[in-house]
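So that the names make sense, note that chain A is the first sequence line, chain B the second, and so on, each numbered from 1. For clarity, every value in this text was computed on a predicted model and none was experimentally measured.
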Amino acid sequence: MRDNRAWLGVLPVLLIVAFSAVIPLMTVVNYSVQDIFDANTRIFVGLDWYRETLRDPRLQSALLRQILFSSLILALEIPLGILVAKSLPRAGRSVGLWLVLLAIPLLIPWNVVGTIWQLFARPDIGLLGATLQNLGFDYNYTAGTLDAWLTLLAMDVWHWTSLVALLAFAGLTAIPDAYYQAARLDGASRWQIFRHVELPRLTSVLTIAVLLRLMDSFMIYTEPFVLTGGGPGNSTTFLSQYLTSMAVGQFDLGPAAAFSVLYFLVVLLLCWLFYTSVMRNRDAH
Amino acid sequence: MGWMAWTLPTALFFAAIGLALVTLTVLELVWPTAARRGLLPLSTTRGDRFFISLLAAAFVHVGFLGFSDGPVWIASIISCLLAISLMRWG
């Protein structure tokens, strides 16, 4: 007879997941099919909130902005992270120092990052904003959509490229030296070594990096909220911020719950796609 | 449980998912699954195919609600057929 006592070890995790994820998710689904007036007054509306939410032009534009933002973040941070990792020394006493320096932005809380960049980019007193103004650029992230987007992208790149760099560095240091020696014997150029030796070996860590950055950027809230407040207009209002304004600002719990379920489904789909991709890569190796 | 704002349809929905998970667990004990490759471009177990079926059903409903004014049971029937196909040949 098999010893199934190990399942008892899983029990605490199951309880934690149930209370922190499953029960709240079920509650959100329950809310999403009702018009909630107060704790005791609720009207069943079926899937009307889903229909309304899916056809809401403000949500559609927030989703498009979100996709654009996440795509740009990945396009910037992944190559930059690899470049930084490639530039780091692989051995020696300075490696630890570089890794600590790289990790510093990751240790700063998100709202503090937003505040730092809000001050840094201010056109009147901020180092970045005032410098650009003095150089003749008409830069004002509170008034110009392009300026707001560029500032947000710069802030996110500053905050999170280190994560990609650290993951890529870990992947690079795991490549045995014999591969490089073989490539050098074959007369491979630096680009060829990167393309045919390093990049295939980095696939797993880069997939994790892409997954982490995609998920995180797709759920971004605090930094743009602190930096631009979603403006100018709605130009930097992403899904999380729109959802919060519905749920907390307008107290539209039914539509906000439907929105949350749809948001969850998109994130779940992306997670599953990347998880499958990681597993396939692992099996292939 | 009043704070969870239960309704009969959502209770039935979650009960059906719970029942399906229990059924899969019992099936696994009686008849252990093996990963196999079917119509889907990846090797899947019974549980994988069930998860994919649920996810596909959710997106069929989302698509239907987003683009059609027709009754939702059409999406449900499409989802059921899709789930059966995925479980059998996926």
Side-chain angles (χ1 to χ4, degrees), chain A residues 2 4 7 14 18 22-56 59-60 63 253-254 257-259 261-273 275-281 283-284, chain B residues 1-18 20-22 25-26 28-30 32 34-37 40-45 47-76 79 86 90:
Chain A
R2 279 194 309 179
N4 286 324
W7 286 104
L14 285 178
V22 178
I23 291 175
L25 182 65
M26 287 162 95
T27 309
V28 169
V29 172
N30 289 340
Y31 272 45
S32 71
V33 294
Q34 296 177 84
D35 198 357
I36 312 274
F37 294 97
D38 58 52
N40 300 314
T41 317
R42 306 187 297 261
I43 299 169
F44 182 74
V45 294
L47 297 173
D48 287 359
W49 293 136
Y50 287 93
R51 194 166 263 139
E52 190 178 282
T53 305
L54 284 164
R55 296 170 188 201
D56 182 354
L59 181 136
Q60 289 165 359
L63 176 66
L253 294 182
F259 186 171
V261 173
L262 295 170
Y263 200 175
F264 168 72
L265 283 175
V266 173
V267 173
L268 186 66
L269 176 69
L270 293 173
C271 280
W272 178 75
L273 286 173
Y275 173 78
T276 309
S277 158
V278 170
M279 288 297 122
R280 285 180 77 176
N281 280 335
D283 294 345
Chain B
M1 299 291 275
W3 62 273
M4 286 184 75
W6 282 104
T7 65
L8 182 63
T10 50
L12 290 173
F13 171 72
F14 284 116
I17 290 181
L21 290 175
V22 170
T25 309
V26 172
E28 188 62 35
L29 291 171
V30 177
R36 66 166 166 80
R37 200 157 177 145
L40 292 167
L42 67 161
S43 185
T44 55
T45 62
D48 292 334
R49 290 191 291 278
F50 178 68
F51 175 76
I52 294 167
S53 303
L54 282 183
L55 203 56
F59 278 97
V60 165
H61 280 85
V62 167
F64 195 83
L65 288 167
F67 296 106
S68 167
D69 289 318
V72 184
W73 57 261
I74 296 174
S76 302
S79 300
L86 284 170

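One distance of note links CD1 of I43(A) with OG1 of T7(B); it measures 13.5 Å at 0.5 Å rounding. If you take OG1 on T53(A) and CG on L65(B), they are separated by 10.0 Å, rounding to the nearest 0.5 Å. Put simply, OG1 on T276(A) and CG on L40(B) are 10.0 Å apart, with the number rounded to the nearest 0.5 Å.
With hydrogens and angles disregarded, no donor-acceptor distance shorter than 3.5 Å links the side chain of R51(A) to the backbone of F64(B).
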Checking side-chain contact (heavy atoms from CB on, under 4.5 Å) for the pair V22(A)/F14(B): CA distance, chi angles, key distance, verdict? CA-CA 11 Å; V22(A) 178; F14(B) 284 116; over 6 Å; no

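Put simply, of L8(B), D69(B), L55(B), the one with the most heavy-atom pairs under 4.5 Å next to chain A is D69(B). Your options are L47(A), N30(A), T27(A), L268(A), and the one with the most heavy-atom pairs under 4.5 Å with chain B is N30(A). Across A11(B), S43(B), G66(B), A58(B), the residue that shares the most heavy-atom pairs under 4.5 angstrom with chain A is G66(B).
Contacts of V29(A) with chain B are made by both backbone and side-chain atoms, with heavy-atom separations under 4.5 Å. Residue contact with chain A, scored on non-hydrogen atoms closer than 4.5 Å, involves the backbone of F67(B) exclusively. With a 4.5 angstrom heavy-atom cutoff, L262(A) touches chain B only via side-chain atoms.
When all heavy atoms are compared, the tightest approach of V62(B) to L54(A) is O-CD1, 3.3 Å. When all heavy atoms of A5(B) and Q34(A) are compared, the pair lying nearest together is O-NE2, 2.7 Å. For L42(B) against W272(A), the heavy-atom pair with the smallest separation is CD1-CZ2, 4.4 Å. When all heavy atoms of W6(B) and M26(A) are compared, the pair lying nearest together is CH2-CE, 3.4 Å.
Using a 4.5 Å heavy-atom cutoff, the side chains of T10(B) and F44(A) are not in contact.
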